[in-house]
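Down below is the structure, laid out as structure tokens.
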Protein chains: 2
Amino acid sequence: MSNYRNETEQLAAAFSALGHPHRLALFRRLTSCCAPGTTWNASSRVCIADLTGMLDIAPSTLAHHLKVLRQAGLIASARRGKQVECWVDPNVLLNLSHFFLTPLSDATPIVDPAQGDHRHDH
Amino acid sequence: MSNYRNETEQLAAAFSALGHPHRLALFRRLTSCCAPGTTWNASSRVCIADLTGMLDIAPSTLAHHLKVLRQAGLIASARRGKQVECWVDPNVLLNLSHFFLTPLSDATPIVDPAQGDHRHDH
DNA sequence: TCGATAATTCGACATGTTTCGAATTATAGG
DNA sequence: CCTATAATTCGAAACATGTCGAATTATCGA
């Protein structure tokens, strides 16, 4: 599965994929129907054609962006008849949020603020 | 402050900044001393020279990457004598984690899984 | 099997990004 | 004021990305 040498490059690839306004918009659109405990119903399924309308880009460009998101592990897709459905695995959201929250929970012990030593009081 | 037309572009700029292995490594290094409730002490302060060593890139390249991170609002910096210190505002971490967690909390009500209607049973 | 619809792949071009070395600015200490 | 140190800016080269239209693949219905 993993073509990446290390975790940093894999993570960077994920952020890079989200680092384009079109792809970020696509990702956001897809996250609106992927919460854990919720079920897919007909109207919440998203196929490629649904996404084409929202961005005013050529179908080939859309396909390219979706490929980038897929290769970064951010979205999954499967054919359903003539159409292809896309979705986001909720675990992807949890993992990425974890990246930002981990440094906070790994914090060094709280020190008395009165103890001074403040940064950038220039 | 904001040079961006909308929120999506601002967020995309942040992810784009994190979407390069070198910048992601720098950001991670800086998040190790920015937890809320913790204080900076002399050894936890990070200046540019500290960062140069860890990446094997030219100083000008490092300066470029830090500028990208700064312009994306991910890090802050201030001169302290001859050196320049960098840090990450903990709120940045909270905001970004929020982006990934919001779709989960905004989920549509839980539906009985037995009700069927499963996706991509191709 | 043929045609229509949905999506992807390919090739090409324009635009951005990464990287460096050289030159420049800022600061501290003789 | 001069020098050394720390960092940034600038310009150029190499590389990567975004975009499109045209051609291709996949599926369904007649």
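First the proteins, then the strands, lettered A, B, ... as listed; each starts at 1.
Using the six-membered ring where Trp is involved, A/Phe15 and B/Phe15 have ring planes that are parallel, under 30° apart on the 30 and 60° scheme.
Taking every side-chain heavy atom of B/Pro59 into account, D/dT8 is the closest of C/dG21, D/dT8, C/dA6. Each of C/dT18, D/dT8, C/dG21 was ranked by its minimum atom distance to the side chain of B/Arg23; first place goes to C/dT18. The listed nucleotides are D/dA7, D/dG21, C/dT8; the one nearest the side chain of A/Val84 is C/dT8.
Atom pair A/Leu55:CG and D/dC20:C1' shows a separation of 15 Å (rounding to whole Å applied). Between the CG atom of B/Leu51 and the P atom of D/dA6 there is a distance of 14 Å, given to the nearest Å. What separates NZ of A/Lys82 from P of C/dT5 is a distance of 8 Å, to the nearest Å. Summarising the geometry, the separation between CZ on A/Arg70 and C1' on C/dT8 is reported as 9 Å, rounded to the nearest angstrom. What separates NE2 of A/His65 from P of C/dT8 is a distance of 13 Å, to the nearest Å. If you take NE2 of A/His20 and P of C/dT15, they are 14 Å apart, rounded to a whole angstrom. We find that CD of B/Gln83 is positioned 14 Å from C1' of D/dA4, with the value rounded to whole Å. Atom pair A/Asp56:CG and D/dT19:C1' shows a separation of 12 Å (rounding to whole Å applied).
The two residues A/Arg23 and A/Ala17 make their nearest non-hydrogen contact at NE-O, 2.7 Å. Across all their heavy atoms, B/Ser77 and B/Arg70 have their closest contact at OG-NE, 3.0 Å.
A donor-acceptor pair is defined here as one N or O able to donate and one able to accept, closer than 3.5 Å; no such pair exists between the side chain of B/Thr61 and the backbone of B/Ile57.
Counting non-hydrogen atoms under 4.0 angstrom, B/His64 reaches a base of the nucleic acid. Backbone-only contact: B/Ala49 has heavy atoms under 4.0 Å from sugar-phosphate atoms and none from a base. Counting any heavy atom pair closer than 4.0 Å across all strands shown, B/Leu62 reaches no nucleic acid atom.
Listed pair A/Lys67 / C/dA7 fails the phosphate criterion, with no side-chain N or O lying under 4.0 Å from OP1 or OP2.
Atom CG of residue B/Leu30 and atom CG of residue B/Asp50 lie 10.0 Å apart, to the nearest 0.5 angstrom.
Side-chain N/O atoms of A/Thr61 and base N/O atoms of D/dG18 include no donor-acceptor pair closer than 3.5 Å.
Residue order along DNA chain D, read from the 5' end via each residue's closest nucleotide, puts B/Ser60 first among A/His22 and B/Ser60.
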